[in-house]
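Ligands are counted one by one from 1 in listed order, and the atoms in each one are counted from 1 as well.
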Amino acid sequence: MLTDSIAKLKNEKIRITPQRLAVLEYLVESDTHPTADEIYQALVDRFPNMSAATVYNNLHLFMKVGFVKELTYGDASSRFDFTNTQHYHAICEECGDVVDLYYPVLDDVEMVAQSLIGFEVTHHRMEVYGICPNCQEKRNTQQAQ
Ligand code: ZN
Ligand code: MN
């Protein structure tokens with residue numbers, strides 16, 4: 001995954017700076033859908049001269065190249081997802097965790113929309129909301145006390 005992305009950047013003639021590589025590595029390794037600020041906080045010790053804007057610029061560059069997606073759920077800060085596979089997200093209403101949900105069956109919805117209402121479909125999005133297993137357990141232990 002990391003080497004694929006580096007190849008794509010090179011293809012686009014984009015320089016692989018140490019900071020750029022660090023942001024990319026952080027995204028590849030984290031499965032938590034970090035915010036730009038979380039990435040910045042995680043890397044600033046290694047790169048004291050790096051600004052939050054650098055992280056942002058790199059994220060937007062990765063989005064343009066196509067292997068990073070921005071997730072906006074109406075809250076203050078958007079999260080970033082390193083992905084090349086269509087998937088959905090389940091969002092915990094208590095802790096805000098964003099969990100991957102793979103459900104390829106839903107790919108059909110684009111074809112269905114096309115044939116039912118004649119849309120030339122570009123994409124679709126769906127989210128599931130609820131309480132994650134961790135928060136359920138917290139609730140249960142609180143109730144037991
Ligand atoms: Zn939760
Ligand atoms: Mn995801």
Using ring centroids (six-membered ring only for Trp), state whether Phe82 and Phe67 fall under 6.0 Å. yes
Mind checking whether His89 and Tyr129 have ring centres under 6.0 Å apart? no
Ignoring hydrogens and angles, tell me if any N or O in the side chain of His60 forms a donor-acceptor pair with the backbone of Asn58 under 3.5 Å. no
Under a 3.5 Å cutoff, is there a donor and acceptor pairing between the side chains of His87 and Asp81? yes
Within the side chain of Arg20, is there an N or O that forms a donor-acceptor pair under 3.5 Å with the backbone of Arg15? yes
If I take the Zn ion (ligand 1) as the centre, what angle separates the SG atom of Cys132 from the SG atom of Cys95? Nearest 10 degrees is fine. 110°
Spell out the protein N/O/S atoms under 2.8 Å from the Mn ion (ligand 2) as residue plus atom name. His33 NE2, Asp81 OD2, His87 NE2, His89 NE2, Asp100 OD1
Has Arg139 got a side-chain atom pairing as donor or acceptor with Ile131's backbone, closer than 3.5 angstrom? no
